[in-house]
> 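Can you read through this structure? Questions will come right after.
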Amino acid sequence: MSEQWPSGQNNYQPPTYDPRYPQPQFGDYPPPPPGLPPFPVAAPAPGTIHIETEEPHGIRVANWRWTEVGLFFTFTAFIVICGLAKVAFHHAHWLSSRLPESCLMIIIGVAVGGVLYLCGVPEPENKEDKVVPDEFHLPTFTPRLFFLILLPPVILESAYSLYNRAFAVNLYTVLLYAVVGTLFNTFTIGLLLYALSEAGAIGRLPVDSGSSVFVTLPDTMVFSSLISAVDPVAVLAIFQEVGVNQDLYYLLFGESLLNDAVTVVLYTTMVTFAELPEVHGEQYVLAVLAFFTVSLGGLSLGVVFGLVTALLTRTTEEVRVVEPLAVLGIAYLSYITAELFHFSGIISIIGCGLAQSHYALRNISSKSFTTVKYFTKMVSSTSDAIIFLFLGMVLVSDRHVWHTGFVSWTLLLCLVCRFGGVLLLTGLANMFRVKKINLQEQFIMGYGGLRGAIAFSLVEMLDENTVRPRHVFLTTTLVVILFTIFFQGATIKPLVKLLNIEKSKQDCQKTLNEEMNDNVIGHMMAGIEEIVGVRGDFYIRRKWEYIDEVYLKRIFLRDANRDNSLTRLYEKQALAQHFAHLYGPVTLVEDHKATILHNGDVLDVEGEDVGTQTSTEGLAGLADQRFPGVQLRRRSPFDWPGSAGELRRPSSVAAAAARPSAYRMSAQEVAESTETLRKAFRASPYQKYCGQYGRHAVDDESLDLSDQLKRRHLTARRITSMAALVHRSTHVSDPSLGAAGALTAALGLGQLPRRQANSGESPVGRSVCLPLMGAPSCEGDRTMTAGRSEPSPSHFL
Amino acid sequence: MGNRSSLLLRDEEIAQIQEETGFTPNQIERLYSRFTSLDRGDCGTLSREDFLRIPELAINPLGDRIVHAFFEDGADRVNFRQFMQVLARFRPIKKTKDNKLNSREQKLRFAFKMYDLDNDDKVSRDELLAILHMMVGANISEEQLTSIAERTIMEADQNGDQMISFEEFCKALERTDVEQKMSIRFLN
């Protein structure tokens, strides 16, 4: 969204009814950045040490430097508290199941605003120069803060989520809604409001000077241009929780994002028209042209930036730390650059995000990828919370001017026009769609037309001299926003249930069959389209894929050949299964699902294993040579020496203590084996290759399949040889206990570190737990570490 | 061209095809003109060569399979009625009008034909591998392709015969929105 600062904006004058501020005298210079933390006037230049008192004094142990630090302190505290409010909200289940998060943030905002109001903190007027040093200064909502700081992360995160087939399929319909729908809404609302005013249904609107005026056509058009756009932040906040089917989600969400260009152009055009004494014909042509430069200019700028990221990330193999910076920084840069040219920043950052997902995010390492994803997620959800908090805070203010007629008519028209537009356009779109949008979905489309902070920012930027009933507009906008977010937002979830809207399918991973079939169907349908003689979506898609494959990927991807959706999925699945193999046994034993172990598929230990061979020889009653685990099936848990429940104990020490002492390992032994393993790890050639420490290298785990398979093999060996070892010791002391018990005991040892390894968060953390118990079998290694002991194996993690 | 074709197509034929396939008369005439434009020999039927003369189809990795699916067992020519019956599978499904030809099962059966190279109603590892070869070309190593094919079979195979039968195929694609993905909009 690009806001223009119309020239009149600079001489904004605070309302005369607020005597706290003197009349400021601005020249033509642009206003100071309201959103950025300004330095208090009294603050010294950076670098100098500020000394609070005039008289020289000696060194102080502690000092109070609020003037220098205070501002940053309040800002940071504010952000952190916003984040924490989310946490609190999600712990209050009775609340979070009834109310969308955005509503709660607004309520908190109202509370904060109320407290500040009662405390007499001067109400900010979006003019940072009024900040009095030494005064408690809170962050305040300013259009600039919103558009340049808070909005981009939210949009970037959604841009990454737009990289999806469902969005591409629905693109035409989305564009129809975004462009035509917004135009329709703006003109119907604006014209109808004016007509109502002319008909005398609204009456006079109070303006600042105490007098009142009838609303004029330019005024209503400006107002309708800002009130008619659906807000992405509000839609995202509500619909992510609702979970409707993908088509509906992308229709609504895509519309709210892409209508930005229309809103920008309409808004600036209307404001200009309101300023100009008379409008000539060429102005209209220019407005239409401006739409194309704003939207297409923004898009191409964004895509170029995205491609630059791809080229950059081709070269970052040695300097992994800069990868997230490159991706995120350039994305933000694309937004700012678009704003610089007064293009649509939102469309620009969407273009950039899409291009990045297609190329750059495949070039970077998996850790950088996670970082990017997580960082955008974190920042966007925080901004989201802050935006709604601000919306609540601005509610408590002296500035509001209520006008029942105008407010209620606007509210009504917003709803009616939204529904009318949706029905009309869906009828049009359904003529061309394969999958029609049914009536229930149309209703949700209309009902989900939430307004939000963008409208508020735009109305904040209005100038009193151009649009005289500015304060009425401001209040009305807030009412509309609150109504849509509170009333519609809170009722959407039950409505979706009531209308029996198709919900989103469980977002589980695609199977290989599905992926393969998607490819086949894609080719097949392109072929059918050729035969029928109608080149449609499939043809375009296939052509694009071809160009992408043959030319673009070679330029923008580091390793173009490796990149194929099928192989990627295959490797992902193989890896997942590999991890299941690694940790499956422990989990199974823990959960007492040992009976599944008879399935050779789950515990597929390589037969060539030397350890197994030697160990299994002596085992009486062992049916399967491959793995002693078969015994687990035969034995019911109650045959075990201890009670069944004790196996569940998280502490292996406790479990071990309950078992016969023969195979209980002392803490020292555990520590020793840990140390051995650690050494072994350090010495392994794989680790040597990967573990070179560089300042710029992030410790990347190799997710390469071959590496993982090698490790799996090693681990399997350790498990079996460990079982053998434990069995040998058991065999001597307690023959009644079979290998199954031994194995479980051995596996039980793995519990301690595993539990501490944050249960499955990181594969690195987990991968150490199983090898741990295999370690004692390496007798040779143990001699090296003899004498060294540490109390707990947890230090290994 | 359109005039000529509509002259050739008699009303009762249109009505019959409409009955069988659910296409509207307009769509039928439009497709008939396409059919005649493909029919270089003007003999009222299409041969495989006629299909493969479409340039984009010739370079489609699955072009041969698609064309093959139009021909019934052993036949080497396809007439307009058969042509329409195959195309009818790709009509979007409407809840109100039930038509057997464009049901989910029929769509899936067409897709299954892409894989089933030897017409034995089962997809073996080698067949899958061949399809994979057609689609991904030389980008991926033979070894990897083999393991992908094997794993795909393993995933879908339920009775342990190392083949995918049509039932298993349907089961594996339970979650796929075939109705939408395998439908195109026919112009009126």
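Chain letters run A, B, ... following the sequence lines, proteins first, then strands; residues in each count from 1.
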> Looking at side-chain heavy atoms only, is the closest gap between A:Ile521 and B:Met182 below 4.5 Å?
yes

> Testing A:Arg165, A:Lys435, A:Met525 for side chain to side chain contact (heavy atoms under 4.5 Å, CB included) with B:Lys181, which one passes?
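Result: among A:Arg165, A:Lys435, A:Met525, A:Arg165 is the only option passing the side chain to side chain contact (heavy atoms under 4.5 Å, CB included) with B:Lys181.
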
> Non-hydrogen atoms of chain B under 4.5 Å away: do they reach the side chain of A:Phe432, the backbone, both or neither?
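Contact with chain B is through both the backbone and side chain of A:Phe432.
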
> Who wins among B:Leu62, B:Ile164, B:Ile131 for the most heavy-atom pairs under 4.5 Å with chain A?
B:Leu62

> Just one of B:Ile66, B:Asn60, B:Leu57 clears the side chain to side chain contact (heavy atoms under 4.5 Å, CB included) bar with A:Ile528, so which one?
B:Ile66

> Quick one: what part of B:Ile148 sits under 4.5 Å from any heavy atom of chain A, side chain, backbone, both or neither?
both

> Under 4.5 Å, counting heavy-atom pairs only, tell me which of B:Pro92, B:Ala69, B:Ala172 racks up the most with chain A.
B:Ala172

> Given the options B:Val178, B:Leu87, B:Leu173, which has more heavy-atom pairs under 4.5 Å with chain A than any of the others?
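Heavy-atom pair counts peak at B:Leu173.
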
> Are B:Phe35 and A:Ile531 close enough that some pair of their side-chain heavy atoms sits under 4.5 Å apart?
no

> Would you compute the distance between atom CD of A:Glu514 and atom CG of B:Asp177 and round it to the nearest 0.5 angstrom?
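So the CD of A:Glu514 and the CG of B:Asp177 are separated by 11.5 Å.
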
> Once you round to the nearest 0.5 Å, how far does CG of A:Asn519 lie from CE of B:Met134?
14.0 Å

> Would B:Tyr115 and A:Met516 satisfy side chain to side chain contact (heavy atoms under 4.5 Å, CB included), going step by step from the backbone distance to the final call?
CA-CA 11 Å; B:Tyr115 298 93; A:Met516 177 137 176; 3.8 Å; yes

> Are any of the side-chain heavy atoms of A:Met524 and B:Pro61 separated by less than 4.5 Å?
no

> Please flag which part of B:Leu128 lies under 4.5 Å from any non-hydrogen atom of chain A: side chain, backbone, both or neither.
both

> Determine whether B:Phe90 and A:Glu529 make a side-chain contact, defined as any pair of heavy atoms from C-beta on separated by less than 4.5 Å.
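Not in contact.
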
> In terms of heavy-atom proximity below 4.5 Å to chain A, should B:Arg34 be classed as side chain, backbone, both, or neither?
side chain

> Other residues, nucleotides and ligands only: do more than 12 of their heavy atoms fall within 6.0 Å of CZ on B:Arg53?
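Atom CZ in B:Arg53 is packed in, count exceeds 12.
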
> Chain B heavy atoms under 4.5 Å from A:Arg433: which part of the residue, side chain, backbone, both or neither?
backbone

